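Side chains included, hydrogens not; waters and symmetry mates left out as well; all remaining heavy atoms used. What you are looking at is a predicted structure, and each value in this text was computed from that prediction instead of being measured.
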Amino acid sequence: MEETLKRFIAAKQSLYDNLKQWKKASGKKIIGCHPMDIPEEIVHAAGMLPITLMGFDGAITHATRSLQPTIACNILLENLEMCLNGTLDFLDGVIFADVCDTIPILSDIWLRHSHHVLHHLMVMPKHLNSPSSRRRVSEQFLRLKAAIEKQNNKKISDRDLKHSIGVYNQNRRLLKRLCDLRRCKPGLLSASDVSTVVTAGMLMRKEDHNQLVEQLLLELENLPVPTSDMHVKLIVSGSLCGHCDSVLSVIDAQGAYILEDDLYIGSRYFTSLTNEYIDPIEALAQRYVDDIPSPTKFFDANAWANYISNMVIRDKADGIIIVMRKLCEIHADDFPCIQNKLNNGGIPCLMIEIERAGVSEQDKTRIQAFIDMLGVQ
Amino acid sequence: MEIKLPRLKAQTIQRQLFIDYWQELHNAKESEKKVAWVSGMSPSELLSAMDFLIIYPMNHSATCGAAGVATVLCEISEQNGYSPDLCGYQRCDIGSALMGEQTLSPVRPPRPDLMLVTSNQQCHQIFKWFENISRIYDVPLIMVDVPFLDDTATKDDELSALKYVKEQLQEFIYFLEGFTKRRYNYDRLQECMAYASAAYDLWYEGLFNAAKNIPSPISTFDLFIHLGPMLYLRSRPEAVDYYRNLKDEVLERVANGQGAVPDEKFRLFLNGMNWMKIPSLAKLCASYNACMVTGIYPLLFTLKGGDISRPVETMAKSAINSLLNRGLQTRINAVENLVRDFAIDGIIAPTIRGCKPISSFQLETMREVERLTGVPNLEFETCMVDTRYHSDAQVEVRIQAFMELLENRAKK
């Protein structure tokens, strides 16, 4: 298991070096997808490799000339920095979806300072409350498809799209099995391990990732439940658009384990499957509409609060940690409703704000104290 | 020495108009009229045509800011879980709603029967803000999504956006029929739009464009203050009368060569939104013989004229063509044109904490406009209404340094 995990770690840590080598060897195109809500299957069906842009740890020296650090979250600033410092020059294109206030602006700034052959902003409906808004989802997916076809001078067939949907669905099923193992065999996989596996999948071919995850599952499913004194059961929610490894490592170190999550680099990425038996664009649109609640979509004000609360109750978790990225206004705006719901249900909740430097020492102490408190109850 | 800027007489008339309007709002229940809370760039005429009285929560927050209670209201919302990084207007308005009957708001807005929000200012926060308020009051919330038209948008994208907005406006009209149990009054809608359009034309020519004169007869402070009737009374003849009188008064100043700032030496542009310190900023600039003559914000709250016989299409077009609904290049072009048309010497470009749709464009826009026009800009951080995130002392020092820069440029 350790050897297999190392391959995921290597993929995650190499960030783009592996990808540049792959591109050189294969001659294929790589498209950067800015979080969240990009239908990667359409890119995959065009024979290109979609990867997720998830920021980086290096110095930010260019991006703050274009976006204020008091306005843009760390993911946007870090991705813009990579655009401006040349790290992402190897990409053949970038795709954005306007999931928050700053991404449309980021897209236009990116356009001014880069030379990617494909540059596309998906303008998704702000709500899903009417027939016209649901129709618009399909229109935007078709628009993306048309933009890619025009760039490649080649149509994407329904057959290719259905095949890609199948590949991605398989990936989702495998990752779901991994999370089920995390819940059923506490101590076998740490929260950080799962995050690493999911992150690696965002930086490699889905076919290759599927093989690796299958391998890992085979190894894990044969292992017994380790003896451990992990008895604090948590739900972790939030961390939109990026990872929260600094929080997960504190949870791991404190001996709690995660039953379920809706993290972006977590279950949010793979919970919902796409219908493989209907028109593929309609299927992708249906998945977008019916996916787990997201603050990027205004469908039902209480939907996300109910979803999170139900996770805690259904899984009999001891408590929930909500990870909010600083300056993520869509999450910050939904948090009071979520907090009320959890408080009314008597569910212990801790909100942790993360930013570029990860979690602060003070917040590490708060997480530790929260888990200790749950352990005593 | 405290600078006193000459007030337009119309300001006194406006005060009475507002007192009367807010009285009408507070009597809404007795007069069996419904109240709608509406986002600032929404087609409120749709509601006025069905006799709704309109409140703009953004304007309400600005009023709280002017009254000095906004910071406390922001703190109330934060005590209830709202992040201090969120828009100050939102935190203030939500704080007021959470206080209910005990609100510190000087106008004590009556609870809504219905809420309408549109996204043509490209602000997810305003959707969430209205969602949160609608939850507090348990009232229906109508969302009209106006798709952003970025720098890659094509003609087909515009047509697709227009079609989508028209569909939603029509869906909203059907909803209103069900909600009010009355057939929709399209004749009245055209009447409302005619008043709004006429008011806009008078405002644009009589106030906004008048600032092209040297010296400018008005300042940005006047532009903001006299926006009020455009928001609250836009569907009524009172707005037309108001702006007709205002235009006459401003033209008289032009004829007399009277400037808003005595001995105007520098002309400034405010590239930002309404915020609590506009009056003091106008006076501070005036102490350097600088007049803030114009800005982007006032242009956003108006209904440009169009074919009133096709009201839904005209409103949809107005929504998608709003400057905040357009990409970076469109904004750069707009600011560049205004800088040239109004003979601007310097741009004040505050970063408004929590306001991403305006602040996020600021750095790129200012850099490019300076490259194209040579006009320098001044940037500093502030907040819409929350005084904890504004430093008068810092702004004064920055303005002083900026004015020295402009002085030196003028000497060369």
Peer 1: Say whether, by atom type as modelled, one donor and one acceptor occur between the side chain of A/H127 and the main chain of B/M143 under 3.5 angstrom.
Peer 2: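 Checked: pair present.
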Peer 1: Could you walk me through whether A/I105 and B/E364 pass the side-chain contact (heavy atoms from CB on, under 4.5 Å) test, one step at a time?
Peer 2: CA-CA 10 Å; A/I105 298 124; B/E364 284 279 324; over 6 Å; no
Peer 1: Under the criterion side-chain contact (heavy atoms from CB on, under 4.5 Å), I'd like the reasoning laid out for A/I71 against B/Q362: C-alpha separation, chi angles, the key distance, then a yes or no.
Peer 2: CA-CA 11 Å; A/I71 292 288; B/Q362 203 73 293; over 6 Å; no
Peer 1: Report the residues that fulfil side chain to side chain donor-acceptor pair (under 3.5 Å) with B/D150, sequence neighbours left out, ordered by chain and then residue number.
Peer 2: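 B/D150 satisfies side chain to side chain donor-acceptor pair (under 3.5 Å) with B/T152 once adjacent residues are dropped.
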Peer 1: CG/A/L106 to CG/B/L328 distance, rounded to the nearest 0.5 angstrom?
Peer 2: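 That separation rounds to 11.0 Å.
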Peer 1: Restricting to non-hydrogen atoms, name the atom on A/S132 and the atom on B/E167 that form the minimum distance, rounded to 0.1 Å.
Peer 2: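 Result for this residue pair: CB-OE1, 3.3 Å.
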Peer 1: Can B/E381 and A/T70 be said to form a side chain to side chain donor-acceptor pair (under 3.5 Å), step by step?
Peer 2: CA-CA 9 Å; B/E381 297 232 342; A/T70 50; 2.6 Å; yes
Peer 1: Of the backbone (N, CA, C, O) and the side chain (C-beta and beyond), which part of B/S360 lies under 4.5 Å from a heavy atom of chain A, both, or neither?
Peer 2: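 Contact with chain A: backbone and side chain both.
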Peer 1: Decide yes or no for B/D156 and A/R143: does some side-chain heavy atom of the first lie under 4.5 Å from some side-chain heavy atom of the second?
Peer 2: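 They are not in contact (no side-chain heavy atoms under 4.5 Å apart), so the answer is no.
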Peer 1: Indicate yes or no: at least one non-hydrogen side-chain atom of A/D108 is less than 4.5 angstrom from one of B/Q329.
Peer 2: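 A side-chain contact under 4.5 Å is absent here.
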Peer 1: To check you understand the geometry: which heavy-atom pair defines the closest contact between A/F335 and B/G81, and what is its length?
Peer 2: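 Distance-wise, the nearest heavy atoms are CD2-O, 3.5 Å.
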Peer 1: Does any non-hydrogen side-chain atom of A/P336 lie less than 4.5 Å from one of B/N80?
Peer 2: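 Counting from C-beta outward, B/N80 and A/P336 never come under 4.5 Å.
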Peer 1: Are any side-chain N or O atoms of B/K128 and backbone N or O atoms of A/A332, one a donor and one an acceptor, separated by less than 3.5 Å?
Peer 2: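 Answer holds: no.
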Peer 1: Where does B/I332 contact chain A at under 4.5 Å (heavy atoms): side chain, backbone, both or neither?
Peer 2: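 Only the side chain of B/I332 comes within 4.5 Å of chain A.
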Peer 1: What are the two closest non-hydrogen atoms of A/P125 and B/D145, and how far apart are they?
Peer 2: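 In this case the closest contact between A/P125 and B/D145 is CA-OD2, 2.9 Å.
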Peer 1: I'd like to know if the side chain of B/N132 reaches the main chain of A/D333, judged simply by a donor and an acceptor atom lying under 3.5 Å from each other, with no hydrogens or angles considered.
Peer 2: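 At least one qualifying donor-acceptor pair exists.
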Peer 1: side-chain contact (heavy atoms from CB on, under 4.5 Å) for A/R65 and B/L363? Distances and angles first, verdict last.
Peer 2: CA-CA 7 Å; A/R65 290 189 66 235; B/L363 298 182; 5.9 Å; no
Peer 1: Tell me whether B/E171 contacts the main-chain N or O of A/S130 through its side chain, where contact means a donor paired with an acceptor under 3.5 Å.
Peer 2: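 Looks like no, no N/O pair under 3.5 Å.
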Peer 1: May I ask you to decide if B/H124's main-chain N or O and A/D101's side chain share a donor-acceptor pair within less than 3.5 Å?
Peer 2: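 Yes, because the side chain of A/D101 sits within donor-acceptor range (under 3.5 Å) of the backbone of B/H124.
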Peer 1: Please classify the contact of B/R331 with chain A as side chain, backbone, both or neither, using a heavy-atom distance under 4.5 Å.
Peer 2: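 Contact with chain A involves no heavy atom of B/R331 at all.
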Peer 1: For side-chain contact (heavy atoms from CB on, under 4.5 Å), just list the numbers for A/E353 and B/D85, CA-CA rounded to whole Å, side-chain angles, deciding distance to a tenth of an Å, and then say yes or no.
Peer 2: CA-CA 12 Å; A/E353 202 174 45; B/D85 291 330; 3.9 Å; yes
Peer 1: Can you confirm whether B/S160 sits close enough to A/R136 that some side-chain heavy atom of one is under 4.5 Å from a side-chain heavy atom of the other?
Peer 2: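 Yes - at least one pair of side-chain heavy atoms lies under 4.5 Å apart.
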Peer 1: Flag the pair B/K163 / A/E139 as yes when at least one side-chain heavy-atom distance between them is below 4.5 Å, and no otherwise.
Peer 2: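 The answer is yes, as the side chains (C-beta and beyond) meet within the 4.5 Å cut-off.
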